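This report concerns only the one structure given below.
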Amino acid sequence: MSQLNIYNTLTRKKEKFEPINPPFVGMYVCGPTVYGDAHLGHARAAITFDIVYRYLKYLGFKVRYVSNITDVGHLENDADEGEDKIQKKARLEEVEPMEVVQHFTIRYHDNMARLNVIRPSIEPHASGHIPEQIELVEKIFENGYAYESNGSVYFDVLKYNKDHNYGKLSGRKIEELYETTRKLEGQQEKRNSFDFALWKKADEKHLMRWNSKWSNGYPGWHLECSAMGMKYLGKQFDIHGGGIDLQFPHHESEIAQSVAAYGSEPVKYWMHNNLITINGQKMSKSLNNFITLYELFSGENSLLKKEYSPMTVRFFILQAHYRSPLDFSNDALLAAEKGLQRLIAALETSEKLKTSEKSTVDIKKIINSAFDALNDDFNTPIFISFLFEAVKMINFIRIGNETITQFDLEELKKFLNASVFEILGFKNEKSSDTDNLKLSSDLINLILNIRLDAKKNKDFATSDLIRNKLTELGIVIKDTKEGFEWDIN
RNA sequence: GGUGACUUGGCCGAGUGGUUAGGCACCGGUCUGCAAAACCGUAGACAGCGGUUCGAAUCCGCUAGUCACCUCCA
């Protein structure tokens, strides 16, 4: 079997994954800014790195997974230039900024739990790491890569670029940045338009503010990830992930900050997931064309034909490679829903298979091919396609076109369970065993047995009446040779 | 304007210089009292135009279209 290879944005190549300090792996992923509900795009990032986390653990690595909650700092692009996002929302609703943060953090966690995303090992809040961020600014200052201007501190990109390479991650050149950087508030304080803030002096309206030797203010846009990544994973760690839209300037600047402060490259493998588009356009808060996860789960959005379960969303996302753009559509979600059902149904079928003396199927080949795909930069679509080969195999065995030995069947089941639940992180959405469910299921069985009797007596009027009424209630009846099976729709 | 990427069958979406990705839909079949569900099966593609090659959807060039980053963003 092959070894894990990861596409590294820094080198633009797939590289063999070799942790700095095996068997430990440090992974940092840029988390959400909690000033609104998570949308499909957040789900993609979270699920992408959930797979990375799950698979690394499956491979036996000891992973520390850090993902931040951004609750302070980032500037907004509208009339309120310079005003903090969290603060703006708070002003609108007349609540405390931290109240907004708490509200949306809880909802974010709830969404992620429904998607069966494993919580990171550490989820640091930016607001809880102000001293660390200030310390980092001081360090950069001491090393001569920052300057103070009117109470704010800026990163001296030009100076840094003389000694290092600003633009290595995103493939940008300083000369190009001269012409293309937009005019923003505070520009006159900077030596160059592409310099970025490390510490920003707060104006009198600003609610979220902290004291520092430079001014009463708040930390710059890119600082928190550098500071918190360093604190929990060290000055050099293995994987840093995030959306492709963070590549520049956010991640580029993170590298610069770390190198400027400590002279060492902070991250070995940079990973970026692509975006979800809607009608071919990026889904984002600023474009206001996003579908929140709550809407997706409930169907309450005019773009949605129906509601889609969290596992359907998960499957939809994993059926595309994480580095490709993925376009939202109802048809695609519907297809994902069906496909996932078939996969889960085959897992149930695999529990009922009869075994034989000989196997006519090649389990090893499927398993090896599947893992080869996963090892090739987490190619989940190909991985899933091999799961469907296994689905077909299971169904063939059931109808007697193929046979399998006890040993092979155990191997196959082990593989499928590990793949579907442990690695891909699906859960069976039907299996919530409550007393109520037990009672309903007994009742349905009772009614369907009455129907079976009616059928035996050729009383089709009764049997069809029962069938129609149960169908109306959303119960899918599956007549089989032995009798019946059923499912709640 | 600069940089990067994309264009695959009805829809979604992988991939590679020569061999069926896969899912959904459609159509055909098995099962059924009839259906449904389930399962099985067939068919269908690589934006256009040139070039390299024994052979290209896969490499190169041009054309058209789309997107992303350059501004907070997953």
Side-chain angles (χ1 to χ4, degrees), chain A residues 12 29-33 35 38-49 70 73-78 81 84-85 167 170-173 175-184 194 221 241-250 272-277 280-287 290 315-316 319-321 323-343 345-346 349 369 373 376 379-389 391-392 394-396 398-399 401 455 458 460 463-464 467-468 471 476-481 484-487:
Chain A
R12 273 137 238 270
V29 176
C30 290
T33 306
Y35 69 109
H39 58 69
L40 200 46
H42 294 102
R44 189 174 199 191
I47 288 170
T48 295
F49 293 101
T70 294
H74 292 193
L75 299 172
E76 199 157 28
N77 170 37
D78 57 18
E81 274 177 347
D84 188 293
K85 274 186 177 178
S170 54
R172 249 157 262 265
K173 297 200 164 41
E175 308 84 65
E176 289 160 7
L177 293 176
Y178 270 114
E179 302 147 22
T180 57
T181 307
R182 226 185 50 149
K183 286 182 174 50
L184 281 171
F194 42 71
W221 318 351
I244 198 168
D245 49 348
L246 296 176
Q247 192 178 326
F248 188 89
H250 185 57
H272 292 97
N273 64 277
N274 216 311
L275 307 175
I276 289 190
T277 57
Q281 264 218 322
K282 171 183 174 177
M283 185 180 284
S284 80
K285 283 187 173 145
S286 42
L287 294 173
F290 59 90
F315 192 77
F316 166 67
Q319 263 197 316
H321 185 81
R323 283 192 289 114
S324 301
L326 173 60
D327 198 48
F328 163 85
S329 74
N330 280 281
D331 287 347
L333 260 313
L334 245 23
E337 185 174 61
K338 287 263 186 110
L340 178 61
Q341 273 169 13
R342 200 157 85 88
L343 179 60
T349 305
S369 307
D376 184 14
N379 198 325
T380 53
I382 297 283
F383 184 71
I384 289 172
S385 83
F386 283 109
L387 296 186
F388 277 103
E389 300 244 322
V391 167
K392 186 165 285 187
I394 286 167
N395 289 329
F396 262 137
R398 197 191 64 172
I399 63 175
N401 283 9
K455 274 172 69 178
K458 301 218 184 292
F460 297 126
S463 75
D464 286 356
R467 179 171 73 192
N468 293 341
T471 304
V476 181
I477 300 163
K478 306 175 192 177
D479 285 344
T480 64
K481 277 212 178 77
F484 58 83
E485 288 175 16
W486 58 270
D487 230 331

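Everything numeric in this text was worked out from a predicted model, so none of it was measured. The sequence lines fix the lettering, A, B, ..., with proteins before strands; numbering per chain opens at 1.
Counting any heavy atom pair closer than 4.0 Å across all strands shown, A:H272 reaches no nucleic acid atom. Within the nucleic acid shown, A:L387 has no heavy atom closer than 4.0 Å to any nucleic acid atom. A:R172 comes within 4.0 angstrom of a base, heavy atoms only.
The side chain to side chain contact (heavy atoms under 4.5 Å, CB included) check on A:K173 picks up A:E175, A:E176, with sequence neighbours excluded. With sequence neighbours left out, A:S329 forms a side chain to side chain donor-acceptor pair (under 3.5 Å) with no residue at all. Qualifying side chain to side chain donor-acceptor pair (under 3.5 Å) partners for A:H42, counting only residues two or more places apart in sequence or in other chains: none.
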>> For a quick check, with a 4.0 angstrom heavy-atom cut-off, what is the B/S/- contact string for nucleotides 31-37 of chain B, read 5' to 3'?
In response: --BBBBB
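Take the nearest nucleotide of RNA chain B for A:S170 and for A:F388: the residue whose nucleotide is more 5' is A:S170.
Here the C1' atom of nucleotide B:G22 and the CG atom of A:N379 are 11 Å apart, to the nearest Å.
Secondary-structure stems of RNA chain B, taken as three or more successive Watson-Crick or G-U wobble pairs (i with j, i+1 with j-1) under a 3.5 Å distance threshold, comprise B:1-7 with B:64-70, B:10-12 with B:22-24, B:27-30 with B:38-41, B:47-51 with B:59-63.
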Dump every N/O contact between nucleotides 41-47 of chain B and the protein below 3.5 Å, one line per pair.
none

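A close approach under 4.0 Å does occur between a side-chain nitrogen or oxygen of A:N395 and OP1 or OP2 of B:C40.
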